[in-house]
Structure formats: structure tokens, C-alpha cells
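Numbering of ligands and ligand atoms starts at 1, following listing order.
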Amino acid sequence: MEFIDTHAHLYVEQFDEDRPAVIQRAKELNINRVYLPNIDQTTIDAMLDLEANHPDACFAMMGVHPCSIKENYEEELNIAEEWLQKRPFVAIGEIGIDLYWDKTFQKEQEDAFRRQINWAKDLAIPFVIHSRDSLDLTIEIVKEEQDGSLRGIFHCFGGSVEQAKRIVDLGFLMGIGGVLTFKKAGLDKTLEEVDLEHLVLETDAPYLAPTPFRGKRNESAYIHQIAERLASVKETDIEKVANVTTSNALKLFGS
Ligand code: NI
């Protein structure tokens, strides 16, 4: 039985004190691979250092997070694009639209999202989507850009059955994290209607720790709590959840 954390920011300063122990704890629970979405130019060095220190366990993406799309977004995009020309990355991420914190740069966020989707198209690699308070809009943009070659993950999925169906129709996966363990979220009801073959597991560490760690720092070992909950929602065992979600992730990332 093996798990993959498809989304964790283990390179941020919240892990500076104990990063090797965090990775060790994950490995002890058979979470053998962690995929690292970038945030912006300030996080690239730390992310690539982490990957270099754990080449068998940590895999870097490249992209600019929607919350970092501001006045200087052309510069941010240029830096990410240069990195993509310099070396291979497993995916473009994380990219998308965030209308929760700030709508000031919505037009710029949409422009940056489309341009980064096109990098994924050109490089023939997947992309990982952040869609906080913008799930319908991001689905619509991916639909417009989908030429049959696009693939990826709607990270931190928390939508309706209808939205899940549209994501499945696009050929995309949904990233399931700690929110599934929150009593009031209602995601369990949605996922009863979604087949496991469309899902991958993620922590989004250090954010969104699952119950019973809610409010604390999240880490990749907590994939276990998410997998247990998903197994009970799908009325199956954790081995099945591990096998299907791991195979979904490996198929997507190609390694
Ligand atoms: Ni993230």
C-alpha cells in the first residue's frame, strides 16, 4: 500500500525546523512521493533545494500562484517561463484564480492562468489548478482551452456533484484534502457520487490540516486521515483508496 501527496508546500518556512523529520514521518506511513507546487519567484530556491535533497520523494512544479498575480505579474511569469526552459518540471502549478482574498487583479489572474495553461500545452505536461471562489470560472476557462491534450488536477476540490461531472467531462482529476474531514463541509455527500478513478489525495501542507489536527500545521503524513475518511465515504477499504489514487497520480505525472 502506497500513497502520494499530490500537493504540499513543504519548502515554506513553517517546516524550516524539522523538514527531514516531516518527510521521514510521511515515508513511515508509505507516503513515498510528494509533489511540490510553486508559489512565486520567492519560493523557487527553497522548493528546488528540497527537491535536490530528496530526489526520490519530492517533485517540483513550476508556475505562479494566483495570489501572487499583481502589478509585477509579467515579471513573475517571465521568471517561471525561464525556469521551464532551463530544466524539466513534472507540472505547471499552482495556477488559477483566487477571488476570495482580492478581486483587484481578476483580469490579470485570468490572463496569467490562460498563458500558463498554454505553457502546459506546449510542454505536454499537466497543470494544477487553484480555484478558490472561482470554480465555475476556472472550469469554463479550462473548457475553452481544452484541445484534447490538456490534463491536470482541480486542487482542493470542494464543489458540487454537477461541478465534479464537468471536471470529469474535461478529463481532469480532483484533489481531495483535509476539507473532506470537516463535518460541515458536505464534500462527503458530493464524493459519494464521484468515482475514485477521478480523485487524487493531497494535503496542501502547511494549510488545511484534517481532523483531528484542524487548525494546526498540516504535513504529508496526514494523507492517512484523508484516505481513511475517503475510504469510509466510498464504503471501501484504505488499500483500495491507496491503490486507485496512487495509480491516478502516477498516470497523470508520468513518474
Ligand atoms: Ni497550494
**Message:** Checking side-chain hydrogen bond (donor to acceptor under 3.5 Å, both in side chains) between Asp98 and each of His130, Gln109, Arg132, Lys103, which is the one that passes?
**Reply:**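 Output: one option passes, namely His130.
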
**Message:** Check the orientation of Phe127 and Phe113. Use parallel for under 30°, tilted for 30 to 60°, and perpendicular for over 60°.
**Reply:**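 Plane angle over 60°, so perpendicular.
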
**Asked** Taking 2.8 Å as the cut-off, does an N/O/S atom of His7 lie below it from the Ni ion (ligand 1)?
**Response**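 Yes, His7 qualifies, because one of its backbone or side-chain N, O or S atoms lies under 2.8 Å.
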
**Message:** Can you tell me if, anywhere in His9, an N/O/S atom lies at a distance from the Ni ion (ligand 1) that is smaller than 2.8 Å?
**Reply:**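 It does: His9 brings an N, O or S atom closer than 2.8 Å to the Ni ion (ligand 1).
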
**Asked** Which value, rounded to 10°, describes the OE2(Glu94)-the Ni ion (ligand 1)-OD1(Asp204) angle?
**Response**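 The angle at the Ni ion (ligand 1) comes to 180°, rounded to the nearest 10°.
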
**Lys NZ or Arg CZ of Arg151 over Phe172 ring: under 6.0 Å, within 45°** =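 No, Arg151 does not sit over the ring of Phe172.
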
**Asked** So, for Leu201 and Val241, which heavy atoms are closest and what is the spacing to 0.1 Å?
**Response**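 Closest pair (atom of Leu201, atom of Val241, distance): CD1-CG1, 4.3 Å.
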
